[in-house]
Amino acid sequence: MRNMTCIEDLRQTYHRKVPRAFVDYCESGSYAEQTLRANRADLERIALRQRVLNDVANRSTKTTILGEPVALPLALAPVGLTGMQHGDGEILACRAAQAAGIPYTLSTMSICSIEDVAAAVNKPFWFQLYVMKDRGYIRALIERAAAAKCSALVLTVDLQVIGQRHRDIKNGMTVPPEIRIENLIDIATKPAWAVGVLRGKRKTFGNIAGHYPGMANVTVLSKWIAEQFDASLSWKDVEWIKSLWPGKLILKGILDVEDARIAAKTGAAALVVSNHGGRQLDGAPSSIAMLPPIAEAVGSDIEVMFDGGIRSGQDILRALALGARSCMSGRAYIYGLGAGGEAGVARAIEIIRNELDFSMALTGVTSVAEIDRRVIAST
Ligand SMILES: Cc1cc2nc3c(=O)[nH]c(=O)nc-3n(C[C@H](O)[C@H](O)[C@H](O)COP(=O)(O)O)c2cc1C
């Protein structure tokens with residue numbers, strides 16, 4: 001992993017090692033992918049301010065997220081089907097995050113279940129919740145997350161309906177999944193991936209299979225999921241979830257100042273400024289464009305997290321400068337996972353941490369708390 005010096009190296013290796021359908025699933029945005037592109041383009045446009053001759057010998061990227069100490073202001077975002085990017089992917093990513101001193105978020109749509117991950121790691125992780133029509137199931141899922149001692153519940157609020165990703169349909173990644181000859185040929189050229197996935201604990205949605213009789217069948221299960229996303233979800237449901245979940249609640253997928261103000265009043269511990277990595281409303285602004293007005297509107301009423309386009313430590317510095325307390329990253333660690341399993345995720349986190357540390361030094365700051373708009377160049 002030493003010769004992987006940046007997230008782009010991991011991405012290229014990931015593309016070589018993982019079957020095309022899963023790579024496309026990860027890389028795609030919805031519809032014309034305008035928002036996906038804007039997430040990166042708008043971050044790259046933000047110039048950092050080079051400062052010199054400040055004593056920056058003693059620096060630290062350590063901070064807190066929701067009051068818990070972390071090695072850097074980063075959490076691994078929930079990513080559905082992670083266990084299809086690499087066998088037991090959720091367990092490996094969680095282990096790498098915990099070893100690096102940052103939180104890991106397990107998706108509702110994971111391959112390994114809450115219990116699988118809890119049994120394989122020795123520290124608490126976060127659980128991400130999609131609310132489905134079957135509220136009995138949601139209640140049970142929240143209870144399972146509590147029983148597994150998850151330390152935060154991340155409620156995703158930007159997926160009442162599912163954005164269309166053209167390549168998923170063309171690849172047969174839609175639900176129900178299609179077995180196609182071209183996919184099988186592609187998989188045959190990725191034997192290490194295939195062995196890993198075959199050896200993995202599960203090959204289907206671990207949190208859902210087993211909950212219903214007859215759900216062991218992937219096709220039946222996928223159909224059920226597609227019908228289950230609840231378009232009627234509302235702020236009232238946030239209250240209901242709060243009544244079931246006594247721990248810290250994070251609202252993920254806020255992209256509007258008005259919504260942020262409402263979110264701040266719910267009693268949630270944090271919100272994540274996010275457009276789901278450009279996978280939902282295409283044509284929406286980039287996450288980084290909406291971060292400053294949202295951070296200003298909510299002030300210190302709620303902790304502000306950020307995701308969308310983070311590929312480097314410089315990107316974290318930019319987001320923190322514009323009002324985030326911490327960031328989440330999705331694709332960057334999936335690249336690492338596909339490239340090298342647990343070691344690849346560890347490498348992704350290490351690359352980002354080193355870049356953040358270096359960029360702090362050359363913008364003249366020594367602690368995360370000091371990062372503010374002064375690190376942005378006024379060109
Ligand atoms: C392949 C993929 C699957 C995702 N699955 C979920 C999910 O199950 N739940 C969720 O809340 N967000 C999901 N997201 C969104 C991420 O949590 C995160 O918001 C996004 O990846 C951030 O953008 P980035 O990939 O540019 O870092 C997914 C993103 C990707 C790329």
Side-chain angles (χ1 to χ4, degrees), residues 7-8 10-11 14 18 21-30 33 35-44 74-86 89-90 93 97 103-112 114 126-132 141 152-160 162-163 165 167-168 171 173 205-208 225 228-229 233 250-255 271-281 284 286-288 290-291 305-312 315-316 318-319 324 326-338 345 348-349 352:
I7 297 298
E8 179 59 22
L10 293 169
R11 193 180 78 90
Y14 162 67
V18 174
F22 295 108
V23 169
D24 283 351
Y25 166 69
C26 172
E27 297 283 33
S28 295
S30 57
E33 302 190 332
T35 300
L36 173 77
R37 286 191 297 276
N39 277 351
R40 285 293 308 137
D42 289 356
L43 269 170
E44 281 176 350
L74 180 70
L76 300 192
V79 169
L81 294 174
T82 295
M84 283 291 139
Q85 303 288 357
H86 190 291
E90 291 89 1
Y104 169 75
T105 318
L106 181 73
S107 165
T108 293
M109 292 302 154
S110 56
I111 301 297
C112 293
I114 301 175
W126 294 357
F127 180 68
Q128 176 265 327
L129 185 71
Y130 279 132
V131 178
M132 312 223 163
L141 209 48
L153 187 72
V154 179
L155 175 65
T156 298
V157 294
D158 60 4
L159 203 128
Q160 280 166 286
I162 306 182
R165 294 177 297 264
R167 278 183 281 174
D168 286 353
N171 289 334
M173 270 292 290
F205 297 102
N207 290 323
I208 301 166
I225 291 168
Q228 272 292 323
F229 281 96
L233 191 68
I250 301 174
L251 300 177
K252 174 175 179 284
I254 303 285
L255 202 68
L271 62 81
V272 189
V273 177
S274 173
N275 52 33
H276 216 102
R279 296 162 79 80
Q280 284 295 97
L281 179 63
S286 67
S287 296
I288 199 71
M290 292 314 298
L291 174 62
M305 300 182 70
F306 169 88
D307 80 18
I310 297 282
R311 300 289 182 274
S312 67
D315 291 336
I316 294 188
R318 290 168 168 131
S326 62
C327 297
M328 277 189 164
S329 170
R331 294 180 181 89
Y333 85 86
I334 295 297
Y335 301 156
L337 180 70
V345 179
I349 299 167
I352 290 175

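Order of appearance sets the numbers: ligands from 1, and atoms from 1 within every ligand.
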task = Would you mind telling me if ligand 1 is within reach of the side chain of Val79, the backbone, both or neither, using heavy atoms under 4.0 Å?
result =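 Both backbone and side chain.
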
Considering only non-hydrogen protein atoms, determine which one is nearest to [atom] and report residue, atom name and distance to 0.1 Å.
atom	answer
atom 19 (O) of ligand 1	Asp307 OD2, 2.7 Å
atom 1 (C) of ligand 1	Arg279 NH2, 3.4 Å
atom 10 (C) of ligand 1	Tyr130 OH, 3.3 Å
atom 5 (N) of ligand 1	Gly80 N, 2.9 Å
atom 12 (N) of ligand 1	Lys252 NZ, 3.0 Å

With heavy-atom distances below 4.0 Å as the criterion, list the atoms of ligand 1 near [X].
X	value
Ser107	7 (C), 8 (O)
Arg311	24 (P), 26 (O), 27 (O)
Thr156	10 (C), 11 (O)

Before signing off on this row, confirm whether [X] and ligand 1 have an N or O atom pair separated by under 3.5 Å.
X	result
Gly309	yes
Arg331	yes
Gln128	yes
Tyr25	no
Gly330	yes

Flag for [Y]-[X]: side-chain donor and acceptor within less than 3.5 Å:
X	Y	answer
Asn207	Ser110	yes
Ser30	Gln280	no
Gln128	Thr156	yes
Tyr130	Gln228	no

query = Are any non-hydrogen side-chain atoms of Tyr104 and Glu90 less than 4.5 angstrom apart?
reply =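 Yes. Closest side-chain heavy atoms under 4.5 Å.
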
task = Kindly indicate whether the side chain of Asp158, heavy atoms from C-beta on, has any atom under 4.5 Å from the side chain of Leu255.
result =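 No, their side chains stay 4.5 Å or more apart.
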
task = Evaluate side-chain contact (heavy atoms from CB on, under 4.5 Å) for Asp315 paired with Ile288, printing each intermediate quantity in order.
result = CA-CA 10 Å; Asp315 291 336; Ile288 199 71; over 6 Å; no

Going by heavy atoms, is [X] under 4.0 Å from ligand 1?
X	value
Arg40	no
Cys26	yes
Asn39	no

inquiry  = Test side-chain contact (heavy atoms from CB on, under 4.5 Å) on Leu155 and Leu153; report intermediate values, then the result.
reply    = CA-CA 6 Å; Leu155 175 65; Leu153 187 72; 5.5 Å; no

request  = For Thr82 and Leu337, run side-chain contact (heavy atoms from CB on, under 4.5 Å): C-alpha distance rounded to whole Å, both residues' side-chain angles, the deciding distance at 0.1 Å, then the answer.
outcome  = CA-CA 9 Å; Thr82 295; Leu337 180 70; 3.4 Å; yes

ask   = Yes or no on side-chain contact (heavy atoms from CB on, under 4.5 Å) for Ile225 and Met109, after CA distance, side-chain angles and deciding distance?
value = CA-CA 9 Å; Ile225 291 168; Met109 292 302 154; 3.6 Å; yes

query = If you measure from atom 6 (C) of ligand 1 to every heavy atom of Gly29, Ser28, Cys327, Pro78, which option wins on shortest distance?
reply =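 Among Gly29, Ser28, Cys327, Pro78, the closest heavy atom to atom 6 (C) of ligand 1 belongs to Pro78.
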
ask   = Which is it for Gln85 and Tyr25 under the side-chain hydrogen bond (donor to acceptor under 3.5 Å, both in side chains) test, yes or no, and what are the steps along the way?
value = CA-CA 10 Å; Gln85 303 288 357; Tyr25 166 69; over 6 Å; no

